[in-house]
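Note that ligands are numbered from 1 as they come in the structure, with each ligand's atoms numbered from 1 the same way.
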Amino acid sequence: MVKLGVNVDHVANIRQARKSVEPDPVYAAMLAELAGADGITVHLRHDRRHIQDDDLRLLRKQVRTKLNLEMAADDEMCAIAASVAPDMITLVPERPEEITTEGGLDVIGQQKIIRKTIDKLAPLGIKIGIFIDPDKNQAQAAQDIGVKHIEIHTGIYAKSKGEHQQAELHKIIKVAELADSHGLEVNAGHDLTYYNVLPIAEIPQISELNIGHNIIARAVLVGMEQAVLQMLKVIQRAGS
Ligand code: PXP
């Protein structure tokens with residue numbers, strides 16, 4: 001059964017809009033876990049636009065399932081990750097002007113810094129993976145560099161329609177098959193919604209989906225637990 005990691009960054013976005021103390025992403029994470037989420041994901045960005053260092057430390061103490069830290073591969077984030085020791089890290093590209101992560105990390109072009117990050121953090125027992133586009137060469141490069149998991153970028157799939165969407169789905173399936181055949185754990189995420197998630201959840205090689213914005217958007221209206229339960233209900237249709 002495909003697992004659900006809930007990204008709570010957007011709860012922090014609402015708080016940071018007023019530089020207030022509410023809503024608290026740690027509370028949101030607890031409610032997500034109570035509703036059945038298999039993991040909690042946060043992205044600590046250089047500009048700290050949503051998640052703050054203290055959130056990360058509190059989450060480390062409170063999360064009972066699995067804490068996945070999305071981060072850029074650089075010295076600042078490496079030092080924070082080493083002190084917090086999340087269960088797992090997903091390396092992502094980061095551009096200061098972007099609204100959200102725009103695509104996968106260029107594993108081939110960024111080999112040196114990725115390797116340095118893995119060498120520092122893997123000995124601490126942290127499982128390290130890379131967010132990649134659905135591209136076989138990137139998946140191969142991720143395997144060569146020695147990570148344990150990849151997360152396939154579903155953003156283009158989610159934003160396209162018709163034949164273009166089917167072609168993108170096909171690419172995701174092929175990369176999932178390749179990575180799985182090489183022993184990598186395969187996750188997927190970005191721009192997934194209650195309406196577009198099922199074909200991705202149905203890919204047998206995919207073990208976990210990371211979903212943030214759409215769950216938090218629904219939680220604003222129906223509450224965090226209901227929003228998580230409703231997403232679990234959709235993705236669990238994949239197994240039936
Ligand atoms: N996976 C990665 C690597 C991401 O950077 C994000 C956004 O932080 C997500 C998944 C979740 O994307 P969304 O908020 O669109 O569900």
Side-chain angles (χ1 to χ4, degrees), residues 2-14 16 25 28-29 32 37-52 55-56 59 66-73 77 81 86 88-107 110 114 117 127-135 138-139 142 147 149-160 168 172 175-176 179 185-198 200-201 206-220 224 227-228 230-232 234-235:
V2 66
K3 292 185 175 151
L4 175 64
V6 176
N7 180 317
V8 294
D9 291 351
H10 290 286
V11 177
N13 256 335
I14 300 173
Q16 295 310 111
D38 299 287
I40 300 298
T41 297
V42 289
H43 182 175
L44 187 69
R45 285 182 163 271
H46 289 118
D47 62 11
R48 306 297 196 272
R49 68 174 74 159
H50 39 56
I51 293 297
Q52 307 296 304
D55 296 325
L56 185 60
L59 284 165
K66 181 177 68 177
L67 180 61
N68 173 28
L69 172 63
E70 291 173 5
M71 60 173 235
M77 290 300 151
M88 119 189 198
I89 284 173
T90 306
L91 298 174
V92 296
E94 199 176 297
R95 268 195 334 115
E97 322 82 65
E98 69 191 2
I99 292 174
T100 180
T101 313
E102 290 167 336
L105 190 57
D106 176 10
V107 190
Q110 305 277 312
I114 295 173
T117 305
K127 200 171 124 202
I128 303 175
I130 309 181
F131 183 56
I132 60 165
D133 287 329
D135 175 312
Q138 293 291 348
V147 292
H149 72 273
I150 56 164
E151 181 178 324
I152 304 176
H153 179 226
T154 51
I156 311 281
Y157 156 83
K159 293 234 156 86
S160 53
E168 201 58 29
I172 295 169
V175 168
E185 181 186 310
V186 185
N187 301 335
H190 222 286
D191 290 301
L192 294 175
T193 70
Y194 294 85
Y195 303 104
N196 67 23
V197 71
L198 191 56
I200 300 293
I206 289 186
S207 49
E208 185 168 308
L209 300 171
N210 266 305
I211 309 181
H213 183 270
N214 208 234
I215 291 178
I216 305 305
R218 187 165 288 198
V220 170
M224 193 67 196
V228 172
Q230 289 174 16
M231 184 58 82
L232 283 168
V234 178
I235 68 174

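- The closest non-hydrogen atom to atom 12 (O) of ligand 1, taken over His213, Glu102, His190, comes from His190.
- For ligand 1, the atoms sitting less than 4.0 Å from at least one non-hydrogen atom of Val92 are 3 (C), numbered in the order shown with element in parentheses.
- Here the side chain of Glu94 pairs a donor or acceptor atom with the backbone of His46 at under 3.5 angstrom.
- Donor-acceptor pairing under 3.5 Å is lacking for the side chains of Asn13 and His50.
- Ranking the protein heavy atoms by distance from atom 16 (O) of ligand 1 puts Gly212 N, 2.8 Å first.
- At least one heavy atom of Ile211 sits closer than 4.0 Å to an atom of ligand 1.
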**Request:** Kindly determine whether Thr90 and Ile130 satisfy side-chain contact (heavy atoms from CB on, under 4.5 Å), including the steps that lead there.
**Result:** CA-CA 5 Å; Thr90 306; Ile130 309 181; over 6 Å; no
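- For ligand 1, the atoms closer than 4.0 angstrom to any heavy atom of Phe131 are 3 (C).
- Proximity of Glu151 to ligand 1, defined as any heavy-atom pair under 4.0 Å, is confined to the side chain (atoms from C-beta onward).
- Evaluated for a side chain to side chain contact (heavy atoms under 4.5 Å, CB included) with His43, the options Val8, Asn68, Asp9 yield exactly one hit, Asp9.
- The existence of a salt bridge linking Arg45 and Asp47 is excluded, since no basic side-chain nitrogen approaches an acidic carboxylate oxygen closer than 4.0 Å.
- Counting only distance, with no hydrogens or angles, the side chain of Asp133 and the backbone of Ile156 share no donor-acceptor pair below 3.5 Å.
- Among His50, Met71, Glu94, Glu70, the residue whose heavy atom lies closest to atom 4 (C) of ligand 1 is Glu70.
- Ion pair Glu185/Lys3 not flagged as a salt bridge, since none of the NZ, NE, NH1 or NH2 atoms sits closer than 4.0 Å to an Asp/Glu carboxylate oxygen.
- The closest approach between any non-hydrogen atom of Asn7 and ligand 1 is below 4.0 Å.
- When only interatomic distances are considered, the shortest N/O to N/O separation between Asp191 and ligand 1 falls below 3.5 Å.
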